[in-house]
Amino acid sequence: MTRDQLHIAFKIAMDKNSKSIAFGGCPAFLPEEIDYWLNQGLYQEINTKFTGNNANKVAFEGSIKRTHDLENLIRTDYSIAATKEANINRCYIANLFSGDRMFFIDAVLNFDNNKANVVLVSHEVSKNFRKTHNNNPWIEQPVGVIEDNTLYVYYDDISMNSSNYTIDVTYVKYPTKVEDLPAAGMDEIPEYMQFEVVNRAVELALEDIESRRVQTKTQLNQLDE
């Protein structure tokens with residue numbers, strides 16, 4: 001749907017029982033306000049479908065539908081130069097979430113024409129993979145932690161030692177905001193999900209103005225898988 005079509009869908013989904021008031025007892029929204037609610041609905045739909053915080057508790061790639069929901073937002077940036085740290089078996093890339101990167105999915109460490117999948121672990125677990133004066137771990141698969149917008153990767157200091165490292169990062173990109181949509185419209189998510197975004201936006205707007213339809217609309221939205 002284009003921006004205009006999204007606005008029309010939003011207005012139709014609002015309560016229109018009263019002919020004397022623009023949205024049936026609800027105040028009329030400016031186009032910029034409708035953009036705001038649609039953008040908030042878009043972000044919430046992506047968040048819940050990625051994390052699994054939804055009615056069916058199905059996260060990203062947990063089902064065929066969930067994969068299709070977000071597939072056009074998945075990107076991979078290849079061969080990002082990583083900085084090798086001295087006296088420690090670690091390299092890193094800064095500004096991990098710069099540009100379009102919204103959610104981290106996975107990463108691959110490249111070294112001397114070899115590749116190794118990076119396993120994301122907690123900071124506590126990562127201590128076991130850190131080379132120190134009394135710990136020289138054997139690391140079968142590199143592990144990573146995210147801290148302060150930086151991805152740190154621990155590698156085996158013998159089998160993976162190299163003078164040059166690069167990292168491929170796969171992520172969910174930020175969607176295009178409604179006010180910035182191209183002429184082709186919202187083509188980054190499937191059409192059925194666009195209606196889910198509209199329903200979510202209407203629910204948020206109704207909640208904001210304390211409409212009596214909030215509870216009913218929320219129950220209807222829970223039917224969306």
Closest heavy-atom pair and its distance - Pro142, Tyr155: CB-CA, 4.4 Å
Membership question, hydrophobic clusters at under 4.5 Å side-chain separation (ILVMFWY): are Phe195 and Ile189 in the same one? yes
Report yes if the side chains of Met186 and Met1 come closer than 4.5 Å at any heavy-atom pair, otherwise no. no
What distance do Asn136 atom CG and Asn89 atom CG have between them, rounded to the nearest 0.5 Å? 7.5 Å
Minimum heavy-atom distance Asp156-Pro137, with the two atoms named: OD1-O, 3.6 Å
Out of curiosity, does Val172 fall in the hydrophobic cluster containing Val197 (side-chain heavy atoms, cut-off under 4.5 Å, transitive links)? yes
Would you say the side chain of Leu181 lies within less than 4.5 Å of the side chain of Leu6, judging by non-hydrogen atoms? yes
Does Lys49 pair with Glu45 as a salt bridge, N-O distance under 4.0 Å? yes
Using only atom types and a distance under 3.5 Å, with no angle test, would you say the side chain of Glu188 pairs donor to acceptor with the backbone of Thr176? yes
Determine, stepwise, if the pair Asp100 / Arg75 fulfils side-chain contact (heavy atoms from CB on, under 4.5 Å). CA-CA 9 Å; Asp100 285 341; Arg75 298 287 189 276; over 6 Å; no
Separation between OG1 of Thr150 and CZ of Phe97, rounded to the nearest 0.5 Å: 10.0 Å
Drop me the distance from Trp138's CH2 to Phe129's CZ, to the nearest 0.5 angstrom. 10.5 Å
Return yes when atom CG of Asn113 has more than 12 non-hydrogen atoms of other residues, nucleotides or ligands closer than 6.0 Å, and no otherwise. no
Given side-chain contact (heavy atoms from CB on, under 4.5 Å), test Lys131 with Tyr154 step by step and report yes or no. CA-CA 9 Å; Lys131 183 178 179 180; Tyr154 293 90; over 6 Å; no
Are the side chains of Val118 and Val108 in touch, meaning some heavy atoms are under 4.5 Å apart? no
Are Val121 and Ile93 co-members of a hydrophobic cluster defined by side-chain heavy atoms under 4.5 Å apart? no
Using only heavy-atom distances, determine whether the side chains of Asn135 and Thr132 contain a donor-acceptor pair under 3.5 Å. no
Between atom CG of Leu30 and atom CD of Glu33, what is the distance when rounded to the nearest 0.5 Å? 4.5 Å
Qualifying residue for side chain to side chain donor-acceptor pair (under 3.5 Å) with Asn39, from Glu179, Gln44, Lys177: Glu179
Report yes if the side chains of Ile88 and Asp157 come closer than 4.5 Å at any heavy-atom pair, otherwise no. no
Are Phe60 and Thr67 close enough that some pair of their side-chain heavy atoms sits under 4.5 Å apart? no
Is Ile80 reachable from Leu109 through a run of I, L, V, M, F, W or Y residues, each pair having side-chain heavy atoms under 4.5 Å apart? yes
Residues Ser126 and Val145: closest non-hydrogen pair is CB-CG1, 3.6 Å
Please examine the side chains of Cys91 and Phe111, heavy atoms only from C-beta on, and report whether any two atoms are closer than 4.5 Å. no
Could you state whether Ile146 and Val119 fall into the same hydrophobic cluster, counting links through intermediate Ile, Leu, Val, Met, Phe, Trp or Tyr residues with side-chain heavy atoms under 4.5 angstrom apart? no
Do the non-hydrogen side-chain atoms of Leu96 and Val169 ever get within less than 4.5 Å of each other? yes
Crowding at CD, Gln141 (>12 non-hydrogen neighbours, <6.0 Å): yes
Answer yes or no: is there a side-chain heavy-atom contact under 4.5 Å between Arg200 and Leu38? no
Looking at every non-hydrogen atom in both residues, tell me the closest pair between Arg101 and Tyr174 and how far apart they are. O-CE1, 3.2 Å
Test your reading of the model: is there a side-chain donor-acceptor pair from Asp168 to the backbone of Tyr78, 3.5 Å cut-off? no
At their closest point, which heavy atom of Ala107 faces which heavy atom of Leu151, and how far apart are they? CB-CD2, 4.0 Å
Run the numbers on Phe104 and Tyr171 for ring-ring contact (aromatic ring centres under 6.0 Å, His included), then give the verdict. CA-CA 5 Å; Phe104 174 88; Tyr171 58 94; 9.2 Å; no
Asp112 and Ser162 side chains, donor-acceptor separation under 3.5 Å: yes
Between the side chains of Lys173 and Asn72, does any donor sit under 3.5 Å from an acceptor? no
Less than 4.0 angstrom from a charged side-chain N to a carboxylate O is my criterion; do Asp69 and Arg66 meet it? yes
Kindly indicate, with the supporting measurements, whether the criterion side-chain contact (heavy atoms from CB on, under 4.5 Å) is fulfilled by Asn114 and Asn110. CA-CA 6 Å; Asn114 295 304; Asn110 305 304; over 6 Å; no
Separation of Glu196 CD from Ile46 CD1 (nearest 0.5 Å): 11.5 Å
Non-hydrogen atoms of Asn53 and Lys57 that approach each other most closely: OD1-NZ, 3.9 Å
Over 60° means perpendicular and under 30° means parallel, so tell me whether Tyr192 and His68 are parallel, tilted or perpendicular. tilted
Start with the C-alpha distance between Leu70 and Met193, add both sets of side-chain angles, then the distance that settles side-chain contact (heavy atoms from CB on, under 4.5 Å), and finish with yes or no. CA-CA 10 Å; Leu70 302 178; Met193 189 173 162; 4.2 Å; yes
With no hydrogens and no angle check, do the side chains of Asp106 and Thr170 hold a donor and an acceptor under 3.5 Å apart? yes
Would Asp180 and Arg3 pass as an ion pair if we require N to O under 4.0 Å? no
How many angstroms lie between CD in Gln194 and CG in Asn199, if you round to the nearest 0.5 Å? 12.5 Å
